[in-house]
4 protein chains.
Amino acid sequence: MAQVGGIAGEHLRSLIERIERLEEERGGIASDIRDVYAEGKAAGFDVKIMRQVVRLRKMEKADRDEQEALLDLYRHAIGMDMEPAATAAE
Amino acid sequence: MAQVGGIAGEHLRSLIERIERLEEERGGIASDIRDVYAEGKAAGFDVKIMRQVVRLRKMEKADRDEQEALLDLYRHAIGMDMEPAATAAE
Amino acid sequence: MAQVGGIAGEHLRSLIERIERLEEERGGIASDIRDVYAEGKAAGFDVKIMRQVVRLRKMEKADRDEQEALLDLYRHAIGMDMEPAATAAE
Amino acid sequence: MAQVGGIAGEHLRSLIERIERLEEERGGIASDIRDVYAEGKAAGFDVKIMRQVVRLRKMEKADRDEQEALLDLYRHAIGMDMEPAATAAE
DNA sequence: CTGCCATTTTACCGGC
DNA sequence: GCCGGTAAAATGGCAG
């Protein structure tokens, strides 16, 4: 791995900067989320409850995804996992 | 606030969905960040060190921001926080 | 784990009480801190600024600690973390 | 408030340092608390539940204190708030 | 699977 | 007395 400040250092720097850029983006979105909660609050909704609703729906979605994954497993197990032949899928 | 399912319910639903959309985006970016770390690891860098570097740089930036905030506080405290009157400021 | 009220229950109770005692102490110190801020305010200092100063100094210390931690990581990474052999270290 | 670095500066510095000392103490106690939880965990207790117990007892204590405060209020209101004469108080 | 770290949530404190 | 913001706690997620 070359000398310090060499080609590896450049690569590392590049990776770090990409990460920092992404974290910045993520921070911006987090800020947007806070804004939406604030908007809800201003409209008279209870922020704490809004958070609970979001969390609950997330769990429900995870449940559904798990169910689906389980179904897929079964389908594979009994050889029903091929692509549907000539249907305009969904 | 109308009845359940009324106009307020619509608003709430809209807010919730915007939040969910944003959280999804945020999750995607978090995933991208993980990918970059994985890329660094594959290139032979120590992920733990990468994280430490990122953390340190973040703290240094925060330090600078706080320094500035402190200066602002001082300015306010001694009444130097008014808009500059007739300077070509900026 | 025995029956409720058994030996385990005694142990748990003891732990809980130790925690409660410690939290009480901690609360007392928090109160002392508030007193010092109040004293500063009474002496004409701006509490907000005092807090900012404390926060900034804390961050600067954390920075230094992280620098050191990073150095340690580097040392480990390049195998320089062994005990010095024949030095009167320490 | 004298010049910067003057007597006021000394006072401020002193206050800041007292606060930092106290915060350090507080941090030490927080660390002790973590240790006790860890000890509980090692003994097979569920830390999350331990925390709930502590929180619950704190609330119950707050309730009792409030009841007591209310009783005191009543006592004062009806002139029963004098020191007990010749009892080994409590 | 365990311990660590980041994020989220809760509680506190000062200001209005 | 309430609200807003700031610091601490706690939970959840990720790497090792």
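The shown structure was predicted, so the numbers you read here are calculated from the model rather than taken from an experiment. Proteins come first, then strands; the chains are lettered A, B, ... in the order of their sequence lines, and each starts at number 1.
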For this session: For A:R34, check side chain to side chain contact (heavy atoms under 4.5 Å, CB included) against everything at least two apart and list the hits.
Result: A:A30, A:S31
Exercise. If you measure from the Lys or Arg side-chain nitrogens to the Asp or Glu carboxylate oxygens, is any gap between B:K58 and A:E23 under 4.0 Å?
Worked result: yes
For this session: For the pair A:R18 and B:E39, find out whether any cationic side-chain nitrogen is under 4.0 Å from an anionic carboxylate oxygen.
Result: yes
Exercise. Salt bridge (Lys or Arg N to Asp or Glu O under 4.0 Å) with A:D65: which residues, sequence neighbours excluded?
Worked result: A:K61
Exercise. When C:I33 is tested against each of D:E25, D:R26, D:R21 for side-chain contact (heavy atoms from CB on, under 4.5 Å), which residue passes?
Worked result: D:R26
Problem set entry | N-O pairing of B:R13 and B:E17 below 4.0 Å | yes
Problem set entry | All side chain to side chain contact (heavy atoms under 4.5 Å, CB included) counterparts of C:L73, not counting sequence neighbours | B:K48, B:I49, B:Q52
For this session: Check every nucleotide of DNA chain F for an atom under 4.0 Å from a heavy-atom of chain D, then give the first and the last such nucleotide from 5' to 3'.
Result: F:dA8 to F:dG12
Exercise. To 10°, what angle do the rotation axes through the five end pairs on each side of the helix from E:dC1-F:dG16 to E:dC16-F:dG1 form?
Worked result: 10°
Problem set entry | Gap separating the CG atom of D:L71 from the CD atom of D:E66, nearest 0.5 angstrom | 11.5 Å
Exercise. Which nucleotides of nucleotides 6-16 of chain E have their base under 4.0 Å from a protein heavy atom (B), which only their sugar-phosphate (S), and which neither (-), written as one string 5' to 3'?
Worked result: SSSSS--SSS-
Exercise. Do NZ/NE/NH1/NH2 and the carboxylate oxygens of B:E60 and B:R64 come within less than 4.0 Å?
Worked result: no
Exercise. Between atom CD1 of C:I19 and atom CD of C:E24, what is the distance when rounded to the nearest 0.5 Å?
Worked result: 13.5 Å
